[in-house]
Amino acid sequence: MEAQKPIQPAAAKKPVAKKEGSNVGGIKNAFLVIIACFIVAVCLFIFWFGHESHFEEGHPKDIWGTIYMGGVIVPVLQTLFLTVIVLSVERWIALSSAKGKGNITKFVAGVKACLVKNDIDGAKKLCDGQKGSVAAVVKAALVRYQEMDQNTVLSKEQKIATLQKEVEEATALEMPALQQNLPIVATMTTLGTLVGLLGTVIGMIKSFQALAQSGAPDSTELSTGISEALINTAFGIATGAFAVISYNFYTNKIDNLTYAIDEIGFSIVQTFAATH
């Protein structure tokens, strides 16, 4: 009778590493921001700008009453302006967390110095201390670097390609979070100007209607139309200008972060190619 062979335990499956989401915070639903800003704008228009204390005998006596004379387009423009402000502050906070705790230039120099000494663990410690999007991409690449260093199956070219792919995937994971809500800010640059122009045209129509009346023109209607035109023009220009400045400012910050990621990623791949 043949002895039974011991049953070999099934080989444990190696857990597949899952890509973690971006650690960049921020407002995910900008539509809620627009709704909230619209509610605030309407409340300001009705309860503050339109308050009787800002008028005397039906005429505005201060700047708040003058803004109220801008008409129904004013709350719309204020909504756009407030939305730009809120999303700009949100991007400032988000990109500050993406940058990390320390100076990006010093961090890049420190990681490159560790790579020159082949101190991968030291570079990973720098990433743990820096945190943020740049550090997250670099650490992912360094982890893959060590895996490829211990791999005896793949060829050198395959290892380099795998390392490059890891850098690209980690960067692609972070980029949407960095650019989040910026398209809305970019839209406000044009939308604010167009809505302001619409308010200007409506105000001028009212002014010409007052002038077209037979006899002496109604000075109240004339001044109301002019006020509406100028107030809407001012809000439209302010919204568009602030949106342009905000969009270009944060686009430049994202470009700097992306350049830092590309620089370190290239250094990691080149170091691996030179030492293997």
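Bear in mind that the values here come from a model prediction, so they are computed numbers and not experimental data.
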Subject >> Exam field: side chain Gln130 to backbone Gly102, donor-acceptor pair closer than 3.5 Å >> reply: yes
Subject >> Shortest non-hydrogen contact between Phe45 and Pro75, atoms and distance >> reply: CG-CG, 3.6 Å
**OP:** Find out whether Phe38 and Leu82 are in side-chain contact, i.e. whether some heavy atom of one side chain is under 4.5 Å from a heavy atom of the other.
**Re:** no
Original post:
So how far is it from Met188 CE to Thr190 OG1, rounded to the nearest 0.5 Å?
Top reply: 11.0 Å
Original post:
Has the side chain of Thr189 got a donor or acceptor atom that lies under 3.5 Å from a matching backbone atom of Ala186?
Top reply: yes
Original post:
Going through the distances and angles, do Met175 and Thr171 end up as a side-chain contact (heavy atoms from CB on, under 4.5 Å)?
Top reply: CA-CA 6 Å; Met175 288 307 296; Thr171 304; 4.0 Å; yes
Original post:
Would you say the side-chain atoms of Lys117 pair up with the backbone N or O of Ile120, donor to acceptor, closer than 3.5 Å?
Top reply: no
Original post:
Judged by atom type as modelled, is there a donor-acceptor pair below 3.5 Å linking the side chain of Gln158 to the main-chain atoms of Ser155?
Top reply: yes
Original post:
Are the side chain of Lys156 and the backbone N or O of Ala273 linked by a donor-acceptor pair below 3.5 Å?
Top reply: yes
Subject >> His54 and Phe49, any side-chain heavy atoms less than 4.5 Å apart >> reply: no
Original post:
Are any side-chain N or O atoms of Lys159 and backbone N or O atoms of Asn151, one a donor and one an acceptor, separated by less than 3.5 Å?
Top reply: yes
Original post:
Gly196 and Leu77: which non-hydrogen atoms are nearest, and at how many Å?
Top reply: N-CD2, 3.6 Å
Original post:
Looking only at atom types and distance, does a side-chain atom of Gln180 sit under 3.5 Å from a main-chain N or O of Ile27, one as donor and one as acceptor?
Top reply: yes
**OP:** Say whether Ile85 and Ile184 are linked into one hydrophobic cluster, either directly or through other cluster members, by side-chain heavy-atom distances under 4.5 angstrom.
**Re:** yes
**OP:** State the CE-CG distance between Met204 and Leu230, to the nearest 0.5 angstrom.
**Re:** 8.0 Å
Original post:
How close do Ala170 and Val137 get, heavy atom to heavy atom, and via which atoms?
Top reply: O-CG2, 3.6 Å
**OP:** Taking the side chain as every heavy atom from C-beta outward, state whether Ser88 and Phe242 have any pair of such atoms under 4.5 Å apart.
**Re:** yes
Subject >> Atom of Ala41, atom of Gln78 and distance for their closest heavy-atom approach >> reply: O-OE1, 3.4 Å
Original post:
What's the spacing between Asp255 CG and Leu178 CG if we round to 0.5 Å?
Top reply: 10.5 Å
Subject >> Hydrophobic cluster membership, Phe266 vs Ile160, 4.5 Å side-chain cutoff >> reply: no
Original post:
Of the options Ile254, Asn256, Ile261, which is the one that meets Thr258 in a side-chain contact (heavy atoms from CB on, under 4.5 Å)?
Top reply: Ile254
Original post:
Measuring from Ile268:CD1 to Lys112:NZ, what's the distance to the nearest 0.5 Å?
Top reply: 11.0 Å
Subject >> Candidate pair Leu115 and Leu142, rule side-chain contact (heavy atoms from CB on, under 4.5 Å), full reasoning >> reply: CA-CA 10 Å; Leu115 291 175; Leu142 293 174; 4.1 Å; yes
**OP:** Let me see the working for Leu126 and Cys114 under side-chain contact (heavy atoms from CB on, under 4.5 Å), right down to the final yes or no.
**Re:** CA-CA 9 Å; Leu126 289 178; Cys114 290; 3.8 Å; yes
Original post:
Can Val244 be reached from Leu87 by stepping across I, L, V, M, F, W or Y side chains whose heavy atoms are under 4.5 Å apart?
Top reply: no
Original post:
Does the side chain of Phe272 come within less than 4.5 Å of Met148's, by heavy atoms?
Top reply: yes
Subject >> Close side-chain approach of Thr233 to Ile231, heavy-atom, < 4.5 Å >> reply: no
Original post:
Do Lys165 and Glu168 sit within salt-bridge range, that is, some charged N less than 4.0 Å from a carboxylate O?
Top reply: no
Subject >> Shortest non-hydrogen separation from Ala260 to Ile104 and the atoms involved >> reply: CB-CG2, 3.6 Å
Original post:
If only atom types and distance count, is the side chain of Asn232 paired as donor or acceptor with the main-chain N or O of Gly70 below 3.5 Å?
Top reply: yes
Original post:
side-chain contact (heavy atoms from CB on, under 4.5 Å) between Leu32 and Asn29: does it pass, once the steps are laid out?
Top reply: CA-CA 6 Å; Leu32 297 178; Asn29 193 344; 3.8 Å; yes
Original post:
Taking a hydrophobic cluster as the set of Ile, Leu, Val, Met, Phe, Trp and Tyr residues connected by side-chain heavy atoms closer than 4.5 Å, whether directly or through intermediates, do Ile35 and Leu191 fall within one such cluster?
Top reply: no
**OP:** Indicate yes or no: at least one non-hydrogen side-chain atom of Ile63 is less than 4.5 angstrom from one of Ile67.
**Re:** yes
Original post:
Less than 4.5 Å apart, any side-chain heavy atom of Val42 and any of Thr79?
Top reply: no
**OP:** Drop me the distance from Thr187's OG1 to Tyr247's OH, to the nearest 0.5 angstrom.
**Re:** 9.5 Å
Original post:
Does Lys106 NZ have over 12 foreign heavy atoms under 6.0 Å away?
Top reply: no
Subject >> Whether over 12 other heavy atoms sit under 6.0 Å from Tyr250 OH >> reply: yes
**OP:** Determine the minimum heavy-atom distance between Thr275 and Tyr145, stating which atoms define it.
**Re:** OG1-OH, 3.5 Å
**OP:** Would you check if His51 and Phe47 make a side-chain contact, meaning some heavy-atom pair closer than 4.5 Å?
**Re:** no
**OP:** Examine distances only and state if a side-chain atom of Arg91 and a backbone atom of Ser246 form a donor-acceptor pair shorter than 3.5 Å.
**Re:** no
Original post:
If two hydrophobic side chains count as joined below 4.5 Å and joins carry through other members, does Val86 share a cluster with Trp92?
Top reply: yes
**OP:** Using modelled atom types only, decide if a donor and an acceptor are shared between the side chain of Lys61 and the backbone of Ser53 within a distance under 3.5 Å.
**Re:** yes
Original post:
Roughly how far, to the nearest 0.5 Å, is CG of Leu194 from CG of Leu80?
Top reply: 10.5 Å
